[in-house]
Colleague: 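The following block contains the structure, expressed as structure tokens.
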Amino acid sequence: MALLKRSSQDRDPEGRMPLMEHLRELRNRLLIATIAVVVGIIIGWIFFDPVWSFIKEPFCATPQAHQLRSGECTLTYGGIFQSFFLTLKVSALVGVVVSSPVWLYQIWAFVTPALYRNEKRYSIAFLAIAIPLFLIGALLAYYIMDTSLAILLGFAPSDTVAVIQIDEYVSYVLIMLVIFGVSFELPLLLVFLNVVGVLSHATVKKHRRTVVFLMFVFGAVITPGGDPITMMALAMPMIILYFAAELFMFLRERRTPAGEDFSHLSDDEASPLQEDSGPER
């Protein structure tokens, strides 16, 4: 991967970007991203009630949610400040999600100068795909959460009552959403590494069985409850996306003739084809 490339006046004689300029740009982009997240948190605070109703719905679908008060979904809290921090945590979740286009763009805009021209083109497409993939993974986690909770809470003896605290439940929801969302990005990362020439289809194919096995292990270990439903719900889509990524790599490498991949060249370096074609007219 090349060093950050800017216009010639922004680089030293060796072609490197000055460190202070680099840090200044990083500071500005972090500031913009932080402001966007803060605005999102304010929006989440304003719309806390409908968001909270959405978050607690998986728990309310379980029989244990109605044990304390018949016919009413009940969660408990055990501290004076716990309700305040609950509101803050849910608002922060909304803020990160709502502001994601802004801070993702800031990350992309900061990294883009380090990419070659063809890599920049692909990175835009990957950024557009990454957000829907994360949301699909998070939604899948949300819709299987009631089944997962019912299984986990169902191990308790019949003569006991589940007293689930709000903070514990919200932490469980956040972990599930993040784990599923990020896990759905892993096959996309493989495709990106293939496009920039770091990972070949032959390497992925060679380790296919090991990767599939590790995905099941990952699903069993990383999910909070470790129940088989949640494990399978995480591992199976990841395996399907993995095979889709492998197919993309195969088709891409098949369409790229040997010896015609110039992705390793800098934007200012002539390819062998350009060198042999004689002077430009």
Colleague: Report yes or no: do Val102 and Leu26 belong to one cluster of Ile/Leu/Val/Met/Phe/Trp/Tyr joined by side chain heavy-atom distances under 4.5 Å?
Modeller: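 Per the 4.5 Å side-chain linkage, Val102 and Leu26 are not co-clustered.
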
Colleague: Calculate, to the nearest 0.5 Å, the distance between atoms CE and CG belonging to Met176 and Leu149 respectively.
Modeller: 7.5 Å

Colleague: Is it true that a side-chain atom of Thr87 and a backbone atom of Ser83 form a donor plus acceptor pair closer than 3.5 Å?
Modeller: yes

Colleague: What I'd like to find out is whether the side chain of Tyr172 reaches to under 4.5 Å of the side chain of Leu152, using heavy atoms alone.
Modeller: yes

Colleague: Shared ILVMFWY cluster between Ile240 and Met232, side chains joined below 4.5 angstrom?
Modeller: no

Colleague: Does Thr147 form a side chain to side chain contact (heavy atoms under 4.5 Å, CB included) with Tyr143? I'd like the steps, not just the answer.
Modeller: CA-CA 8 Å; Thr147 304; Tyr143 284 113; over 6 Å; no

Colleague: Assess the pair Phe54 and Tyr142: is the distance between their ring centroids shorter than 6.0 Å?
Modeller: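 When the ring centroids of Phe54 and Tyr142 are compared, they turn out to be within the sub-6.0 Å range.
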
Colleague: Taking the side chain as everything from C-beta on, heavy atoms only, tell me whether Leu88 gets closer than 4.5 Å to Trp45.
Modeller: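 Heavy-atom side-chain distance check passes, below 4.5 Å.
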
Colleague: Kindly work out whether a path of hydrophobic side-chain contacts (I/L/V/M/F/W/Y, heavy atoms less than 4.5 Å apart) joins Ile179 to Met236.
Modeller: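 Yes, same cluster.
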
Colleague: Between Glu253, Arg252, Lys206, which is the residue that forms a side chain to side chain contact (heavy atoms under 4.5 Å, CB included) with His201?
Modeller: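 Exactly one candidate clears the test, Glu253.
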
Colleague: Honestly curious: do Ile164 and Ile175 fall in one hydrophobic cluster under the side-chain, below-4.5 Å linking rule?
Modeller: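 Yes, Ile164 connects to Ile175 through the hydrophobic network.
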
Colleague: How long is the span from the CG atom in Leu30 to the CD atom in Glu25, to the nearest 0.5 Å?
Modeller: 10.5 Å

Colleague: Applying side chain to side chain contact (heavy atoms under 4.5 Å, CB included), run through Trp103 and Val96 and close with a yes or a no.
Modeller: CA-CA 9 Å; Trp103 55 262; Val96 171; 4.0 Å; yes

Colleague: Between Asp167 and Tyr77, is any pair of side-chain heavy atoms under 4.5 Å apart?
Modeller: no

Colleague: More than 12 heavy atoms of other residues, nucleotides or ligands under 6.0 Å from CZ of Phe243: is that the case?
Modeller: yes

Colleague: Show the nearest heavy-atom pair for residues Ser183 and Phe218, with the distance to one decimal.
Modeller: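 Shortest heavy-atom contact: OG-CE2, 3.3 Å.
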
Colleague: Please report the closest heavy-atom contact between Val178 and Phe134, naming both atoms and the distance.
Modeller: O-CE1, 4.3 Å

Colleague: State whether the side chain of Gln67 and the backbone N or O of Val161 hold a donor-acceptor pair below 3.5 Å, judged by distance alone.
Modeller: no

Colleague: Minimum heavy-atom separation for Asn194 to Ser200, with atom names?
Modeller: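 Between these two residues, the closest heavy atoms are ND2-CA, 3.9 Å.
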
Colleague: Side-chain contact test, heavy atoms from C-beta onward, threshold under 4.5 Å: evaluate it for Leu177 versus Met145 and give yes or no.
Modeller: yes

Colleague: When hydrophobic residues are tied together by side-chain contacts of less than 4.5 Å, even through go-betweens, does Val51 share a cluster with Leu75?
Modeller: yes

Colleague: Does anything in residues 36-58 form a salt bridge (Lys or Arg N to Asp or Glu O under 4.0 Å)? List the pairs, not counting sequence neighbours.
Modeller: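 The answer is none; no pair qualifies.
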
Colleague: Would you please classify the geometry between the Phe59 ring and the Tyr169 ring as parallel, tilted or perpendicular, with 30° and 60° separating the classes?
Modeller: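 It falls in the tilted class, 30° to 60°.
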
Colleague: What distance separates Thr74 OG1 from Ile166 CD1, expressed to the nearest 0.5 Å?
Modeller: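 It is 10.0 Å, given to the nearest 0.5 Å.
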
Colleague: Rounded to the nearest 0.5 Å, what separation is found between the CD1 atom of Ile32 and the CZ atom of Arg27?
Modeller: 11.0 Å

Colleague: To the nearest 0.5 angstrom, please state how far the CD1 atom of Ile151 sits from the CG atom of Leu153.
Modeller: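 Going from CD1 on Ile151 over to CG on Leu153, the span is 10.5 Å.
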
Colleague: Measuring from atom CE of Met215 to atom CD1 of Ile239, what distance do you get when rounded to the nearest 0.5 angstrom?
Modeller: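 The distance works out to 6.5 Å.
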
Colleague: For a quick test of reading the model, state the closest non-hydrogen atom pair linking Val191 to Ala245 and the distance between them.
Modeller: CG2-CB, 3.5 Å

Colleague: If you look at every heavy atom in Met238 and Pro187, which pair is closest and at what distance?
Modeller: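 Result for this residue pair: O-CG, 4.1 Å.
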
Colleague: If we only count heavy atoms from C-beta on, is the Met249 to Val204 side-chain gap below 4.5 Å?
Modeller: yes

Colleague: Any heavy-atom pair between the side chains of Val170 and Trp52 that's under 4.5 Å?
Modeller: yes

Colleague: Give me the atom names and distance for the closest heavy-atom approach of Phe184 to Ile136.
Modeller: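 Heavy atoms of Phe184 and Ile136 come nearest at CE2-CG2, 3.9 Å.
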
Colleague: I would like to know whether Ile55 and Leu93 meet side chain to side chain contact (heavy atoms under 4.5 Å, CB included); could you show each step before the answer?
Modeller: CA-CA 11 Å; Ile55 288 177; Leu93 171 63; 4.3 Å; yes

